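Residue numbers begin at 1 in each chain, while the letters A, B, ... track the order of the sequences. The structure presented is a predicted model; accordingly, all values stated were derived computationally and were not measured.
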Amino acid sequence: MARTSYPFAEIEPKWRQHWRDSGLFRCDTHAAGRQPYYCLMMYPYPSGALHMGHVINYSIGDAIVRYHLMKGENVLSPMGWDSFGLPAENAAINAGVDPAAWTKQNIDKMREQMVRAGWGYDWDRELATSHPGYYQWTQWLFLQFYKAGLAYKKKAPVNWCPSCQTVLANEQVHDGACERCSSVVEPRDLEQWFFAMSRYAQRLLDGHAKLEGKWPERVIKMQQQWIGRSEGARLDFGIQAPGTALDGQTLSVFTTRPDTTYGVTSMALAPEHPHVEVLLANHPKRDEYLQAVRRMRNVSAIERTSEESEKEGIPTGACVVNPFDGSTAEIWVTNYALMEYGTGAVMSVPAHDQRDFMFARKYGIPIKVVIQPEGETLDADAMAEAYIEPGVQVNSGPFDGMPNEEAKKAMTEHVKAQGKGDFTIHYRLRDWLVSRQRYWGAPIPIITCEDCGEVPVPEADLPVLLPDDVDFTHGGESPLATCDAFVNVPCPACGRPARRETDTMDTFVDSSWYFLRYLAPRLADRAFDPATCNQWLPVHQYVGGIEHATMHLIYARIFTQVLHDLGHLAFDEPFERLFCQGMVCHTAYRIDDYSLASTGENVPEDHVTKQADGTLVRASDGQNVVLDRTWLTVEQVDTDALVRKSDGHPVHAEMTKMSKSKLNGVSPDRLFDHYGADTVHTYILFVGPADQDIEYSDQGVVGVHRFLNRFWDTVSGWTERLADVGTDVPEGDLDADSKALRRKAHQTLQRVTAAFEPPFRFNTAIAGLMELTSEIRDRAEKAGCAAAVKETLVLAVQCLAPFAPHVCEELWERLGQPTGIFRCPWPEANAEAARAEEIEVPIQVNGKLRSRVTVDADIDDGALEAVALADSKVQQQLAGKTVRKVIVVAKQLVNIVVS
RNA sequence: GCCAGAGUGGCGGAAUUGGCAGACGCACUGGAUUCAAAAUCCAGCGAGGUUCACCCCUUGUGCGGGUUCGACUCCCGCCUCUGGCACCA
């Protein structure tokens with residue numbers, strides 16, 4: 001660290017105070033004349049401590065905000081808190097503190113950190129989603145969805161921990177076990193609320209057209225994949241199940257390969273499929289099979305996230321009838337068919353689908369070839385794998401000889417004409433499960449009455465307040481269910497005793513509309529003001545982490561589209577431009593301890609092997625081994641020897657995203673204390689392109705700090721001497737140094753201005769400012785024109801201001817400039833001053849650099865060629881050779897081809 | 001497995017998208033300043049060679065091919081890493 005720093009500890013608080021007092025970031029959304037610019041940064045979860053990820057996110061946003069202020073726009077830069085969620089509840093359970101108090105304390109702590117970091121926000125607009133004044137409107141929005149038929153209730157499985165007697169979030173389940181007590185998690189069906197978001201699948205895909213070029217391409221790609229549109233056909237198979245209610249009924253399947261239908265030799269049902277129990281009802285092995293099905297359901301729910309598991313099936317004895325040729329195929333219950341995709345039934349074509357092929361080989365199901373590569377004959381018995389390439393139809397009745405791509409269409413038309421199927425499109429996107437069996441969230445505003453059924457809470461009765469006297473430590477399906485005063489209410493319709501919904505909403509609901517609330521955060525009678533929203537939205541620039549590419553950014557888009565369709569908003573995409581900063585990675589240290597599952601005996605790491613199914617065993621005897629992983633802080637580790645300091649235990653190092661659980665987070669506090677906010681902002685933007693992941697290191701931070709010191713010294717060295725000098729450079733000839741200074745200053749201005757257009761290459765803009773500073777130190781003393789020096793200094797300070805606002809504001813004042821740097825207009829580059837007079841052009845002979853010539857910047861190609869050929873070093877190279885061709889790239893390069 | 005993105009000095013990264021590879025910064029080395037150190041300033045810094053003083057030459061952007069007067073950049077085939085998705089019918 002530099003010992004003699006510029007006095008950041010004095011000037012930073014001074015200017016923060018000044019900005020606050022003068023309302024620099026206070027936005028009057030109704031102010032006329034200035035162009036609105038809404039810059040939104042993803043609001044944080046109030047964990048109580050800033051980390052480097054926040055620092056990147058908010059430093060990018062801050063630079064953009066300040067730049068647009070300087071462009072004279074009416075800038076809205078709000079900040080708030082995503083303050084509902086699990087950690088508050090965990091703190092309550094573990095430490096016995098009130099979630100509301102815990103949250104408020106964290107918010108206060110983080111707000112103070114953010115203010116000290118120097119980021120500019122309109123704090124008058126601060127909001128917190130856990131505040132009743134906010135969640136009242138989250139509830140109101142739920143009711144709008146409900147009234148529009150977009151919110152509905154159905155049974156869905158949750159992760160149930162039998163030992164904690166509570167519902168777990170997915171993130172609380174590790175390898176199928178409860179993170180707290182390690183008992184095996186069971187699926188349990190509960191009635192839960194859903195938003196019918198799959199109806200918006202196509203709208204979401206179509207909306208991408210508007211975002212093209214303005215959102216990162218990878219985010220659009222990820223969303224497309226998430227929505228997962230696939231085109232295919234619905235086929236209706238008849239059911240042959242004598243003695244059951246299903247006999248003679250139809251079973252619909254979705255397939256992308258209708259061309260293979262003649263090759264169907266079995267049918268796979270998801271274990272959750274409602275037909276399963278009916279079909280097995282009369283089976284001789286009924287009990288045994290149903291038990292196996294139940295096991296599948298359990299296993300599949302748990303293993304859904306795990307690697308490949310073995311494909312298993314149970315034959316039901318019942319059959320389906322092929323809609324084309326009337327042939328029959330047995331119905332199996334399989335662990336690989338998913339109830340939530342398609343219809344929960346998959347037609348199995350082993351000859352042309354690899355998964356079906358493996359399943360058929362395992363259970364001896366026939367394989368029937370219906371597509372062949374042209375000029376070849378496939379033998380079903382000899383096949384080693386499924387044939388999935390295009391080909392020609394065989395064994396397909398009237399469709400024989402047709403190319404299979406054509407047959408897809410023709411065969412679907414055939415079943416359509418017979419009323420046994422149709423063209424369909426399926427989406428992977430599922431409806432959004434919004435119920436959470438949690439306390440710390442917005443209560444779902446529905447009351448259930450025995451007589452009236454589901455009754456929405458009247459809007460006048462909102463908010464449904466969270467009770468503050470809930471004991472949620474003893475588990476149960478929903479903490480609110482234990483609070484009688486909350487649950488028991490009169491029915492709003494008939495007045496008789498009824499029960500409140502006790503689930504709360506997913507916190508993604510809160511964040512799906514917060515950008516609307518910022519426009520009028522204290523509005524008491526409405527969620528948002530449509531007129532102001534229509535004027536200010538879509539958000540001009542949204543800045544946030546790539547990790548929200550699918551969930552949050554899809555939910556916010558759906559909310560906007562729904563509110564548009566319901567007539568509340570004129571626009572249907574919330575974020576015009578999106579910028580995603582990369583993730584911040586850092587070395588994490590861990591210790592892996594292995595022990596025998598049976599006895600707990602310790603097993604050395606190199607005696608453990610991983611089996612194909614992912615389970616760990618001791619290599620010598622195949623006994624199951626469990627892994628106990630402990631994360632360590634850097635302080636606990638000897639990072640050179642990679643051992644734990646306390647006992648020499650070997651340690652693994654890995655580079656991963658900073659996170660609380662891996663203890664590899666770096667707090668920015670120390671950096672702010674040592675170097676000041678300006679250094680931290682500038683450094684984090686200087687290390688690399690902002691959209692790339694970075695491996696965090698503060699190795700280079702001293703370099704940026706040195707630069708700001710040098711900048712400070714350089715500019716302050718001139719302030720007195722130039723006190724009475726203006727920036728108007730007189731017409732006519734300037735001396736070389738003055739000219740060179742101006743040139744560099746205007747070139748840098750062009751470079752910095754360009755950096756504020758996507759994709760925001762701030763790192764090179766800052767490098768340019770470093771170059772400009774060196775130029776000033778080299779030439780300013782020698783320059784003959786004081787106005788040129790002053791102009792250069794003024795431009796340099798303005799260009800650096802979005803990155804290092806406090807220093808620049810101070811230097812701006814010392815240079816005698818008016819009113820505050822962020823209220824003065826962003827300068828316009830003078831193209832004439834930026835123009836180079838002479839340029840250096842490289843000369844190649846046969847593509848190899850042989851010489852360089854310095855020529856007039858306006859030189860034409862012919863003259864440049866002549867100069868190049870006349871050059872003495874070139875002449876040496878040309879001796880005894882014939883010039884075949886001369887390539888001149890205007891003002892850039894000459895290449896002489898010889899032989 | 002599929003889909004993205006990336007691979008450039010000891011390190012983070014530049015290169016107007018086909019035209020001087022290594023801007024800017026870190027680290028390192030030498031020098032100035034100092035009683036000495038820190039800080040600061042100046043200079044050097046991909047590798048190899050040479051008559052190491054000036055020049056100059058060869059080579060070099062993950063690997064192997066190709067297109068081109070010219071390739072970090074475009075095409076074909078591989079390798080590695082990061083991220084996303086994954087019994088998706």
A:R428 side chain near B:A86 phosphate (N/O to OP1/OP2, under 4.0 Å):
yes
- prompt: With a 6.0 Å cut-off on ring centres, are A:F508 and A:W432 close enough?
  reply: no
Whole-Å distance, A:Y341 OH to B:A86 P, equals 12 Å
Atom CZ of A:R234 and atom C1' of B:C88 are separated, to the nearest Å, by 19 Å
Between A:D858 and A:R835, is the closest basic N to carboxylate O distance under 4.0 Å? yes
Is there a side-chain contact between A:L795 and A:H746 in this structure, where contact means two heavy atoms from C-beta onward sitting under 4.5 Å apart?
yes
Separation of B:C85 atom P from A:I554 atom CD1, nearest Å, is 11 Å
The residue, A:V897 or A:G342, whose nearest nucleotide of RNA chain B is more 5′ is A:V897
Q) In terms of side-chain heavy atoms, does A:R428 have a donor or acceptor partner in A:Q225 at a distance below 3.5 Å? A) no
Could you tell me if A:H352 and A:T260 have a donor-acceptor pair between their side chains, going purely by distance under 3.5 Å? no
Note to self: Let's go through A:F359 and A:Y363 carefully: what are the C-alpha distance in whole Å and the side-chain angles of both, what is the deciding distance for ring-ring contact (aromatic ring centres under 6.0 Å, His included) to 0.1 Å, and is it a yes or a no?
What the structure shows: CA-CA 6 Å; A:F359 187 75; A:Y363 289 103; 5.0 Å; yes
(message) Salt bridge or not between A:D259 and A:R257? Use side-chain N to carboxylate O under 4.0 Å.
(response) yes
Do we see a donor-acceptor contact under 3.5 Å between the side chains of A:Q202 and A:R229?
yes
Taking every heavy atom of A:A233 against every heavy atom of A:T424, the minimum-distance pair comes out as C-OG1, 3.3 Å
With 3.5 Å as the limit, what N/O pairs link the protein to nucleotides 26-33 of chain B?
residue: B:C26; atom: OP1; partner: A:R706; partner atom: NE; Å: 3.0
residue: B:C26; atom: OP1; partner: A:R706; partner atom: NH2; Å: 2.7
residue: B:C26; atom: O2'; partner: A:Q699; partner atom: O; Å: 3.1
residue: B:A27; atom: OP2; partner: A:R706; partner atom: NH2; Å: 3.0

* Heavy atoms under 4.0 Å, any strand shown: does A:E771 hit a base, just sugar-phosphate, or nothing? -> sugar-phosphate
note: A:L769, atom CG; B:G25, atom C1'; distance rounded to Å ~ 14 Å
Margin query: Does B:A14 have its OP1 or OP2 closer than 4.0 Å to a side-chain nitrogen or oxygen of A:N763?
Written below: yes
How would you label the contact of A:E217 with the nucleic acid (heavy atoms, under 4.0 Å): base, sugar-phosphate, or nothing? nothing
Practice item. Would you kindly say whether A:H426 and A:R234 are connected by a side-chain donor-acceptor distance under 3.5 Å? Key: no
- Measure centre to centre between the rings of A:F686 and A:F762, then say whether the value is under 6.0 Å. no
- Task: Remember a base hit wins even if backbone is also touched, and classify A:R218 as base, sugar-phosphate or nothing at under 4.0 Å, heavy atoms.
- Result: sugar-phosphate
Here the residues of residues 355-362 of chain A within 4.0 Å heavy-atom distance, strictly under, of RNA chain B are A:R355
In RNA chain B, stems of three or more consecutive pairs, Watson-Crick or G-U, each with both distances under 3.5 Å, turn out to be B:1-7 with B:79-85, B:10-12 with B:24-26, B:28-32 with B:40-44, B:46-49 with B:56-59, B:62-66 with B:74-78
Separation of B:A89 atom P from A:F237 atom CZ, nearest Å, is 16 Å
Using a 4.0 Å heavy-atom cut-off, does A:R850 contact any base of the nucleic acid, only the sugar-phosphate backbone, or nothing at all? sugar-phosphate
* Quick one: label A:F707 by what it contacts on the DNA or RNA (base, sugar-phosphate, nothing), any heavy atom closer than 4.0 Å. => nothing
**Centroid separation A:H681 to A:F803 less than 6.0 Å** = no
From CZ of A:R761 across to P of B:G25 the rounded distance in Å is 20 Å
note: A:Y6, atom OH; B:A39, atom P; distance rounded to Å ~ 18 Å
inquiry  = So does A:E838 get a backbone contact from the side chain of A:D856, meaning a donor-acceptor N/O pair under 3.5 Å?
reply    = no
* Please work out if A:D693 contacts a base, only the sugar-phosphate, or nothing of the nucleic acid, heavy-atom cut-off 4.0 Å. => sugar-phosphate
* Have a look at A:K873 and say if it touches a base, only the backbone sugar-phosphate, or nothing, with a 4.0 Å heavy-atom cut-off. => sugar-phosphate
A:E695 atom CD is separated from B:G10 atom P, nearest whole Å, by 17 Å
Contacts of A:S774 and A:L893 projected onto RNA chain B by closest heavy atom; the upstream (5') one is A:L893
- Could a donor-acceptor pair under 3.5 angstrom be found where the side chain of A:K311 meets the base of B:C87? yes
